[in-house]
Number of protein chains: 4
Amino acid sequence: MNAGIVGSTGYGGIELYRLLANHPYTEKCIMYTSSQQGGAYSEVYPHVSDLMDDPLRDVEEAEGIDTMFIAAPPGVSAELTPLLSKKGIRVIDLSGDLRLKKSGEYEKWYGRTAAPEEMTEAAVYGLSEINREKIRNADILSNPGCYPTASLLGLAPLLKHQQADTGSIIIDAKSGVSGAGRKAGLGTHYSELNENLKVYKPGEHQHTPEIEQQLSEWAAGPVTISFTPHLVPMTRGILTTMYVQLNEPVSTESLLDSYRTFYENDPFVRIRKPGNYPQTKEVTGSNFCDIGLKVDERTGRAVIAAVIDNLMKGAAGQAVQNYNLMNGWDERTGLKFVPMYP
Amino acid sequence: MNAGIVGSTGYGGIELYRLLANHPYTEKCIMYTSSQQGGAYSEVYPHVSDLMDDPLRDVEEAEGIDTMFIAAPPGVSAELTPLLSKKGIRVIDLSGDLRLKKSGEYEKWYGRTAAPEEMTEAAVYGLSEINREKIRNADILSNPGCYPTASLLGLAPLLKHQQADTGSIIIDAKSGVSGAGRKAGLGTHYSELNENLKVYKPGEHQHTPEIEQQLSEWAAGPVTISFTPHLVPMTRGILTTMYVQLNEPVSTESLLDSYRTFYENDPFVRIRKPGNYPQTKEVTGSNFCDIGLKVDERTGRAVIAAVIDNLMKGAAGQAVQNYNLMNGWDERTGLKFVPMYP
Amino acid sequence: MNAGIVGSTGYGGIELYRLLANHPYTEKCIMYTSSQQGGAYSEVYPHVSDLMDDPLRDVEEAEGIDTMFIAAPPGVSAELTPLLSKKGIRVIDLSGDLRLKKSGEYEKWYGRTAAPEEMTEAAVYGLSEINREKIRNADILSNPGCYPTASLLGLAPLLKHQQADTGSIIIDAKSGVSGAGRKAGLGTHYSELNENLKVYKPGEHQHTPEIEQQLSEWAAGPVTISFTPHLVPMTRGILTTMYVQLNEPVSTESLLDSYRTFYENDPFVRIRKPGNYPQTKEVTGSNFCDIGLKVDERTGRAVIAAVIDNLMKGAAGQAVQNYNLMNGWDERTGLKFVPMYP
Amino acid sequence: MNAGIVGSTGYGGIELYRLLANHPYTEKCIMYTSSQQGGAYSEVYPHVSDLMDDPLRDVEEAEGIDTMFIAAPPGVSAELTPLLSKKGIRVIDLSGDLRLKKSGEYEKWYGRTAAPEEMTEAAVYGLSEINREKIRNADILSNPGCYPTASLLGLAPLLKHQQADTGSIIIDAKSGVSGAGRKAGLGTHYSELNENLKVYKPGEHQHTPEIEQQLSEWAAGPVTISFTPHLVPMTRGILTTMYVQLNEPVSTESLLDSYRTFYENDPFVRIRKPGNYPQTKEVTGSNFCDIGLKVDERTGRAVIAAVIDNLMKGAAGQAVQNYNLMNGWDERTGLKFVPMYP
C-alpha cells in the first residue's frame, strides 16, 4: 500500500510521516505540498535528514496512491476529496471540512463555504472507538478534531447511558500550542505565549458544533454546550475538564466501572482508578486517551478529565488508527508507542 | 514603621521582601524563619545579594515590629497570631488559618485543628476591593487565598447584583507552579511538570469553602460550587474560568459595563472590552486583577475569565495593599508596578 | 523632563515604558511608532490598559521632548538621530547603528549602509560602568548590545589588568527568546523553540565586532574572539560563559577579589563568592549584572559566567541608567527593582 | 531473550522500558528496584497502565535474565556486576561506575570508592560508533555518559585525524533537566529552574575525566580539556558546543566532508550541511546524534555543535544499540524512531 500526505509541511503532516515511516503495511509515503514543491522534505524538517530526503510534490500529479491523508487548512479538502475519490483513492481528511453534516453549521462556525452535503454525508466520522464498524467500510473518512476527540470520549458513556442532564454540559478545554499549527504569527510567538495562559474564543470555537452534533445524536435530541478553549504554554497535549449534572446519584467507583466496561475492548482508551487523574504528559507521543473522573456529591456533578496528545489521538494517531480499520488491520498497527515520559 | 516577615524563605516571603524593600513608609524589614536561623537571607536567595544580607532570625525574639506578615505553612499562624497580638503587633496572615469562620469547615478541608473561633472572628478577610472599610480598622488581617481572590473578584458583581443562579457556579481554575511553594517534591519536580498539565483535587481543594463562605454571604444563603484546580507549566499566574447561569438575559456589553461601574474606584481591577480576554502574562509582577467575560446567548451562561499574579494580588501584593489600607496610606503605595511583559 | 520612545511597540519599547512610567524625574513619556499610529498604546499591549491609553504618534511630529530613546530596527537611528540632534533633543539609541566606530565593520557585519562616521564618532558608547564620565556629558548615547554588555562586564577586569591571553578569548553566549524581538516568524514560533536549544550564527553574529572593538581598546591592540550565540527556551535572560587563558597563575579567590575591587563603586554589578555561579533568574526584571568565575588550574584558564536580563541591563535598564547619568541623577533612579524571583 | 532493568523507577529505567517494550527480540522485560518492591510499575508511572502492571522486584531474586541493564545511582553497579556476571548474565551498565579505567580518577571525580580495576578493565566502553567490534564481544558493557557521548562523537574525526591542537579543547555543554534524574530537590524544583539558565560545576563535573580518557587514547598522549555544563529549562536534550584550535587551515566544507566520511556507516550519526546547525528538538525521542560545524577563519578554530536526546543516545538508546551489537542483531533494532517534532 502507498500513502500520500497532503499538507505534509504542517505539524499534522510531519506527525503522519513519523507514524507512516515505520508502519509495516505502508510501502511508500509520498509528501505533497501546495507551497514548497521541489525542495526536499528534509530541508523543511532537518530532523528527517537521511530518512526522507524525497522532493515535495504537487498533489495534482498524485499517482499510485491508495490512501491520501489530507492535513491541510480549511477549504482544501472540500475541493480535493471529490477529485481523489473519482480516481479511486481513499481519503482520510484531518481538517474540519467534512465533519459537520449540515452546511449551515459549517458556514456559521467556520465563516466559509461548506463542502457539498452529499460529500459530508458520504464521509464517515472517524471517532474510532465509537464508529468502528462504519469506519471499516469507509472510503471517505472525516477525522475528528482534537478537542472533540478528548471531549467525546470523556462524555460518551454518560451520554449513551442517559445519565447526563444534557443541558448542563460544560467543557473547559486546554491545549498545547502545536494545535495552532506551524504558521507563525504574534499569537504563537514564543515570548508572547511562554509563561502565559489564555482563554480564547469562549463559546465561539469551531469545534463546538462538532461536539454538539455527536452529543445530540447520542442524546436523541439537541444538545447545546458551553465550550471554552485555553492555550497552555506547552507544545503537545490536550486536557478537557468536563462538568455534567447527573440525572441520578452514582458513586465515583461505580461510574468508573461503567466507563471501564464501556471501553473494555478499546486498546487506546484507559480509565484511571478513583482518586487518580490523567496528566497530558502521560500520553505524549502515543495514541492513548486517558480518562479520570470524580462524582462530587456536594453538587451532584461528575467532573471528568480526559487527556490526549493533540497531534496523535487528536490528529495523526487517530487518522492512522482509522487507516488501519479501513484496511482490515489490527487498529494498533504502527501505533504501539509507549508514551514518552518524561 | 518596621515590618517583619515570618516564613521569609518561602515564595510568599521573598515576594513580600521584593515589595517591602522599596516601600516608602517601611523603614526596616526583618526576616524570620523557623528553620534556617543565623544564615544570611542572601545565602538562601542569592538574587538579593548586596540588598539584604541580614541574618535570618527567630520570631520568638521579634522586637520593634509594627506589622508582622505571616507567610508560613498551615498551623503556624494559629499559634503565632495571639502571641503577636498580645505584644501589640498587627498581623497580616497569608496562610489559610484564619480565613474560615467555622472551625468545622477548616478541620474538614484542611485536615487539622482549627484556630479558636474568637480569633477567626477577629480576623478581617482581606479581599481589599470588597472589604476596604473593615480592613482600615483591622488589627488581624486574614489575606485571601490566591484562587479565591481571582474567583471572588470575577464573581462579585454578578452575585451582589443577584444576577446569578447560585446553584450553577463552576470555577475551573488554573495556576502556575509557584503556588505550590518552595518545598521540593516529586509533584513539583521540573521534569514531571514541564510540558505537562494536570487537574488535582477536583472538588476537594481547601480553597473551596473559602470561596463558598464569601459567595454565601453575598447571596444571603448557602452556595455550593464546583471548584477544580489545575497545574500549568509556568511559574506565575492564575486564570479562573467561571461559568454562571444567568437569572435574566443580559448582553455582554451591558454586563461588562456593570462590572466596570462596580470596580470604578478600584485601581487594581481592570475590566476588558468585549471580545478581549485577559492573559496571565498581562498582570505578571503586578497587583492587577484583569477580568473579561462573554455572555453566551446559546446557553444563557456568562463565562468570566479573571487573571492575577498568584504571588502578587494572590498573596504578597494584596497583603501590602491591605497593609497600606490598615495604615491609612494610598492603597497603591509600593505597588505601582507596570506588569513585566514579556 | 519629557521622554519619547521610538519603536515603542517592540519589546525594547515596552520595557522602556515600564521603567519610565515610574521614573520620578520623567514627567511625560510619549510613545512613537512608524507603523501603528493613531491607535492607543494599550491596544497593542493590553497589560498597560488604564496606565497608558495615549495614542501612538509619528516621530516626525515630536515636540517638547528632552530625551528620545530609539528602540527601532537597524537603520532607523542612523537617519533619525541627526534630525533629533538638530532639534536639541538628546538621543539614547538602543540599536546597533551607532556602536561601531568604523563604518566598514558595520557594513560587513550588519550587511547594510553604515551611519556617517562623524555621527558614530560623536556617539558615546554607553557601557555605564566603564564610560561613566563620558556618558555624563553625552548628547548622543549609543547603548550597548545585550551580548556585549554581559561579555564586556565579565571580561573588563581581566583585560584592563592585562591578565588575559587576548588571543584565547572564547565567549559562549546563551539568550532567552525576547532578544529576537516581537516580530513573528518561524524562528520564534512557540512550538519550534519550546523544548529546544540551538546555536545560531557561530562566528557571524553582529555583536562580535562590538565586543572586539572594546576589548581591543582595553588591550591596546587588536583582539579577535570566538563568539557563539545560542537560543534558550525562556523569555528573558542572558548567560555568557567565557574562557580565557591566563597570562599568570592566579587563584579563584584572588581573581574574585580583584573583580570585586574593580566594581566596588558600581551598584549594578555583583560579584559572587567562590563556588557560587549566577543564574539568569537571579537578575530577572532588574538592572543587575551578576558575575561568578573559577580559575581552572588544570588548564590555566579562567571560566567566567555573567548574567543579565537582556531587556534590562541588556537594553532598557542600561538605557535608563545612562539617561540618569546624562542628567546628573543618581544612576539607580527608577531602577531599584529587586529581581523578580521565582 | 529476557531483559531486566535495575533502577527501573528512574528516568533511565523508564526510557529503557519504552524501548524494550517494543523490541522485537526481547520476550520479557522484568523491572527491578531497590526501594519500591511489590507495587506495580504502573503505580510508579501511570503512563504505562495496561502496558506494564507487573510488580517491581528485588534484583537479588533475578532469574531467567539474559541481559541486565543497570540504570542505578553510583555504587550499585560496582557491587552488582560481579554477582550478575557470575550467574552468566550480561551486564549493560548505564552508571559511571565502570567507565574510568583508573580507580584513582574515579575516586577523585566521583568522591567515592571505585570498582576494582579488573572489573573496569573487563568492561567495554560502549561508544557504539567507535568501539563497535569490541562491543560485539562484550559481556560487561559500560555505557557512556550523556555529555561524553555528544562530546566524543563531535570530536572523534578531528582527533583521530590529528587535526586538533589537543591543548585547546573547550566543551561548553548544555543539558535538559531530565539528566538530573527523578530524585526531587531544590535544584530541580520547577519554579527554580523554569525561565532560568545556570552553569554548574565548571571544571569539576565527573564526566570530564571520561571525555579526557577517550581523547587521550585518540591523541596518543594526555589531553586536558575545559568542560562546563549548564542546565537549560527543558526536559530532554543535550547540545555541546566545542571549540578546537586547528593545526592546519581547512574549509568548513572540507571538514564536513571528512566528518561525513568518518561516519558513513553509522546510521545514528548525521552530519549537517554547511550553515546548518543541529537543534536538540531535531533528535528528541530518537537515537540520533546530529553534528554541524563551522571553521572560523578569523580565529583558526573549529566550532562544532552536536546534539543528542540525553535519555536516548545519551543513555537508554545507546544502551539498546549496544545490546543489539552484543547479540549480533542490526544495531537499529527497536530504535527506528523518527524524532518527535515538534
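Proteins get letters first, then strands, A, B, ... in listed order; numbering begins at 1 in each.
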- Which one, Arg182(A), Lys281(A), Glu15(A), Arg272(A), leads in non-hydrogen pairs under 4.5 Å with chain D? Arg272(A)

- Counting heavy-atom pairs under 4.5 angstrom with chain D, the leader among Pro267(A), Pro342(A), Ser286(A), Gly285(A) is Pro342(A)

- Message: Main chain of Pro339(A), side chain of Arg18(D): is a donor-acceptor contact present, judged purely on distance under 3.5 Å?
- Response: no

- Query: Do Asn22(D) side-chain atoms and Lys336(A) backbone N/O form a donor-acceptor pair below 3.5 Å?
  - Reply: yes

- Query: Do Lys273(A) and Pro46(D) come within less than 4.5 Å of each other through their side chains, counting heavy atoms only?
  - Reply: no

- Which value, rounded to the nearest 0.5 Å, describes the distance between Ser42(D) atom OG and Asn276(A) atom CG? 9.5 Å

- Item | Residue selection (most heavy-atom pairs with chain A, distance under 4.5 Å) from Leu19(D), Leu51(D), Ile14(D) | Leu51(D)

- With only heavy atoms counted, which part of Phe337(D) is less than 4.5 Å from chain A, the side chain, the backbone, both or neither? both

- Note: vs chain D, highest number of non-hydrogen pairs under 4.5 angstrom among Thr284(A), Val177(A), Asn194(A) is Asn194(A)

- With respect to chain A, which residue among Thr235(D), Leu311(D), Val338(D) yields the maximal number of heavy-atom pairs within a distance under 4.5 Å? Val338(D)

- What one should report as the nearest heavy-atom pair of Glu282(D) and His47(A) is O-CB, 3.2 Å

- Task: Indicate the ring-plane relationship of Tyr45(A) and Tyr341(D), choosing parallel, tilted or perpendicular according to the 30° and 60° boundaries.
- Result: perpendicular

- Distance col, row Ile271(A):CD1 vs Ser49(D):OG, nearest 0.5 angstrom, shows 11.0 Å

